[in-house]
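Following: one structure in structure tokens, then a few remarks.
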Amino acid sequence: MKPTLPQGTRDFNAVTIRRRNYIFDTIKNVFELYGFQPLETPAMENIDTLMGKYGEEGDKLLFKILNNGLDRPEKQEQAKQDFEKVLGGKNVEGITERALRYDLTIPFARYVAMNYGQLNFPFKRYQVQPVWRADRPQKGRYREFYQCDADVVGSNSLLNEVELLNIYKDVFKTLNIDVEIKINNRKILSALAELCGGNERITDITVPIDKLDKIGWDKVKAELEDRGLQGLQIKLIEDYISIEGDNTTKLDAIRSLIGEIEIGRQGIKELEYLLNYNSPSTIHHSPFTIDFTLARGLNYYTGTIIEVKALNVRMGSIGGGGRYDDLTGLFNVPDLPGVGISFGVDRMYDVMEELKLFPDSLKNNTEVLFFNLGEAESKAAYNLLQLLRSNNVKAEIYTEQSKFDKQFKYAERNNIPYVIIIGSKELETNTCVIKNIQSGKQETIAQEVLASFSFQ
RNA sequence: GAGGAUGUAGCUCAGUUGGUUAGAGCGUCAGUUUGUGGCACUGAAGGCCGGGGGUUCGAGACCCCUCAUUCUCCCCA
């Protein structure tokens with residue numbers, strides 16, 4: 001058979017893994033630095049845990065796992081009936097009762113709800129694991145990809161937002177990725193919705209304006225009309241999205257637009273708090289940008305919302321997050337507020353590769369290769385090999401007794417800087433030849449002093 | 001879910017208005033060189049031209065179907 005990969009999945013070679021680990025390690029270090037503790041959850045969850053949490057679209061994108069044992073004779077009749085229902089578009093427990101995780105937030109909420117009694121609140125966890133979505137793959141979109149999340153539950157304090165914003169700032173600064181960190185507040189959008197006829201309009205308003213930078217005002221306007229918004233309301237939304245300038249200017253403008261509404265005032269106050277806390281003297285030079293068109297699709301967000309966009313490159317968002325007042329309510333633990341952020345590592349990788357941001361020092365591999373030039377020769381080499389390893393020198397031996405040509409090429413292609421040659425001559429005199437592949441220089445030394453040779 | 005592009009050697013790709021036995025570069029293997037790689041030269045192996053059907057005297061090329069990859073929209077990280 002011809003081997004292939006499932007659509008949207010990838011193998012990772014050594015170089016790629018080293019680079020990915022560089023990103024993972026950077027993020028994890030910052031998470032730990034801010035006092036977050038690691039958590040891992042299973043690749044699969046009960047399907048009930050995930051269904052209905054990501055909107056209609058999300059349900060379609062869940063990878064569902066077929067139950068085992070459907071072919072057992074005593075189950076076949078039931079299985080056929082259940083499958084009929086599946087064909088009608090329903091999920092039936094008899095056919096599938098598990099699904100692959102779609103994000104890290106809902107499994108975390110499930111975990112918090114299950115362990116509510118044991119956790120020490122405010123509870124801060126980070127999680128670095130793959131998620132799966134049955135989306136159609138394209139640039140920057142995969143069916144299996146990693147998310148790195150940090151969340152805090154059990155605290156209403158905006159200090160948590162301050163922390164998370166600074167985590168974003170620190171990670172992208174360390175990795176040298178130029179980003180725009182955009183923030184907004186759902187309460188401001190709620191106030192706008194209220195002015196447009198009620199809070200239940202929020203989706204009709206946010207979905208179109210979220211697309212503004214992509215499709216332009218005319219199309220946004222058309223979509224608003226389709227969704228039943230009318231003259232004065234559309235004018236208001238136009239005024240809203242037309243707000244421009246630095247953060248201070250934007251705050252002034254939004255105040256005069258929706259400042260009459262209580263929830264809007266709250267949202268503005270929160271936004272102002274975050275910007276002042278992070279950069280008290282120079283609000284306009286803040287690394288964070290107010291973006292009133294930022295809405296975010298997930299409807300469980302209730303306060304601050306954040307999204308990170310890489311500059312100088314065409315790529316969807318590489319991170320996002322926000323505050324949710326009642327995530328665990330879905331699992332019968334009400335009134336537990338939380339706030340979290342997520343890093344999209346695979347997109348960050350693509351951005352860094354495109355902008356050539358990976359340091360060369362990541363090519364960390366074997367330092368020494370012992371040639372294999374015969375039975376007795378390789379045995380002598382093997383003893384020295386183990387000696388070097390015990391001195392923490394990354395070393396290997398060529399396991400085939402091949403021509404020099406081959407062994408040299410192996411060293412070259414694997415970027416191994418040194419080869420050590422022990423042939424019959426060296427065997428007799430208890431010496432070995434150390435050759436630097438790059439410079440071509442070589443020297444013969446006694447085997448007993450090899451351990452103190454400095455490879456660099 | 002909607003639309004576009006591309007499938008030819010291990011890899012990257014040529015292949016003219018349809019015309020003999022399908023090519024190049026890189027890589028692989030062998031040799032020049034049995035204890036010294038990179039460079040050079042010589043030679044070799046390697047192809048159901050994604051799959052199926054059709055048009056034609058004749059299809060890698062044209063038409064239809066199908067599969068795969070990729071990009072855009074929707075949505076998202």
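Letters A, B, ... mirror the listed sequences (proteins, then strands); counts begin at 1. Only a predicted model underlies this, so the values are computations on that prediction, with no experimental measurement involved.
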Please walk me through it: do A:F172 and A:F343 pass ring pair (Phe, Tyr, Trp, His ring centres under 6.0 Å)?
CA-CA 10 Å; A:F172 290 116; A:F343 288 87; 5.5 Å; yes
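- The C1' atoms of B:C49 and B:G60 are separated by 5 Å, rounded to the nearest whole Å.
- Counting any heavy atom pair closer than 4.0 Å across all strands shown, A:E144 reaches no nucleic acid atom.
- Whole-Å rounding puts the A:D135 CG to B:C73 P distance at 13 Å.
- A:R143 has its CZ atom 14 Å from the C1' atom of B:C75, to the nearest Å.
- Ion pair A:D135/A:R141 flagged as a salt bridge, since at least one NZ, NE, NH1 or NH2 atom sits closer than 4.0 Å to an Asp/Glu carboxylate oxygen.
- Below 30°, between 30° and 60°, or above 60°: for A:Y102 and A:Y54 the angle between ring planes is between 30° and 60°, a tilted geometry.
- B:G38 and B:C29 have their P atoms separated by 12 Å, given to the nearest Å.
- Taking only side-chain nitrogens and oxygens, A:Q442 never comes nearer than 4.0 Å to OP1 or OP2 of B:U36.
- When the side-chain nitrogen and oxygen atoms of A:R314 are compared with OP1 and OP2 of B:U72, one or more of them lie within a distance under 4.0 Å.
- A salt bridge does not link A:K435 to A:E443: none of the charged side-chain nitrogens sits closer than 4.0 Å to a carboxylate oxygen.
- Of the two residues contacting RNA chain B, namely A:F408 and A:D346, the nearest-nucleotide position lying further toward the 5' end is that of A:F408.
- Comparing atom distances between the A:R141 side chain and each of B:A77, B:U72, B:G35 picks out B:A77 as nearest.
- Note: NZ (A:K60) to P (B:A2) measures 11 Å, nearest angstrom.
- In this model, a donor atom of one side chain and an acceptor atom of the other lie less than 3.5 Å apart for A:E270 and A:N185.
- Comparing B:C26 with B:U16, their C1' atoms are spaced 26 Å from each other, to the whole Å.
- When rounded to the nearest whole Å, the span between CG of A:N415 and P of B:G37 equals 19 Å.
- Atom OH in A:Y142 sits roughly 12 Å away from atom C1' in B:U70 (whole-Å rounding).
- In terms of phosphate contacts, A:K435 brings no side-chain nitrogen or oxygen within less than 4.0 Å of OP1 or OP2 of B:G35.
- As rounded to the nearest Å, B:G23 and B:A44 have P atoms that lie 13 Å from one another.
- Ring geometry for A:Y410 against A:Y398 counts as perpendicular: the plane angle is over 60°, on a 0 to 90° scale with 30° as the lower cut.
- On a pure distance criterion of 3.5 Å, no polar donor-acceptor pair joins the side chain of A:R136 and the base of B:G4.
- Projected onto RNA chain B by closest heavy-atom contact, A:E426 and A:R413 fall at different nucleotides, the more 5' of which corresponds to A:R413.
- In this structure, A:F343 does not count as stacked on the base of B:A77 under the 5.5 Å centre distance and 30° plane angle limits.
- A:L373 comes within 4.0 angstrom of nothing in the nucleic acid, heavy atoms only.
- Whole-Å rounding puts the A:Q138 CD to B:A68 P distance at 17 Å.
- Across all strands, A:G58 comes closer than 4.0 Å to no nucleic acid atom at all (heavy-atom distances).
- Comparing the C1' positions of B:C76 and B:C63 gives an interatomic distance of 39 Å, to the nearest angstrom.
- When the P atom is used for both B:C67 and B:A24, the distance is 35 Å, rounded to whole Å.
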Once Watson-Crick and G-U wobble pairs under 3.5 Å are found, how is RNA chain B written in dot-bracket notation, 5' to 3', with | for any base paired to another strand?
(((((((..((((.....[...)))).(((((.......))))).....(((((..]....))))))))))))....
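- Between B:G38, B:U36, B:C75, one nucleotide has an atom nearer to the side chain of A:E57 than all others, and that is B:C75.
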Could you walk me through whether A:I306 and A:I181 pass the side chain to side chain contact (heavy atoms under 4.5 Å, CB included) test, one step at a time?
CA-CA 7 Å; A:I306 313 168; A:I181 302 172; 3.9 Å; yes
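- When all heavy atoms of A:A381 and A:F371 are compared, the closest pair comes out as CB-O, 4.4 Å.
- On the P atoms, B:A9 is 8 Å away from B:C48, given to the nearest whole Å.
- Comparing B:G35, B:G38, B:U36 against the side chain of A:S424 picks out B:G35 as the nearest.
- Side chain A:R347 to base B:C76: a donor-acceptor pair is found below 3.5 Å.
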Derivation of the side chain to side chain contact (heavy atoms under 4.5 Å, CB included) call for A:F108 and A:Y126:
CA-CA 10 Å; A:F108 173 56; A:Y126 74 85; over 6 Å; no
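- Judged by distance alone, with hydrogens and angles left aside, A:Q407 brings no side-chain donor or acceptor close enough to the base of B:U36 to form a pair under 3.5 Å.
- When heavy atoms are screened at a 4.0 angstrom cut-off, A:K406 is found touching the sugar-phosphate backbone but no base atom.
- With hydrogens and angles ignored, no donor-acceptor pair closer than 3.5 Å exists between the side chain of A:K139 and the base of B:U70.
- Taking atom CD of A:Q401 as the reference point, atom P of B:G35 lies 11 Å away to the nearest angstrom.
- Across the P atoms, B:U8 and B:G50 are found 6 Å apart, a figure rounded to whole Å.
- A salt bridge between A:R20 and A:D346 is present, with a side-chain N of the basic residue lying under 4.0 Å from a carboxylate O of the acidic one.
- In this structure, the CD atom of A:Q129 is 17 Å from the P atom of B:A77, given to the nearest Å.
- Heavy atoms of A:E412 sit under 4.0 angstrom from at least one base atom.
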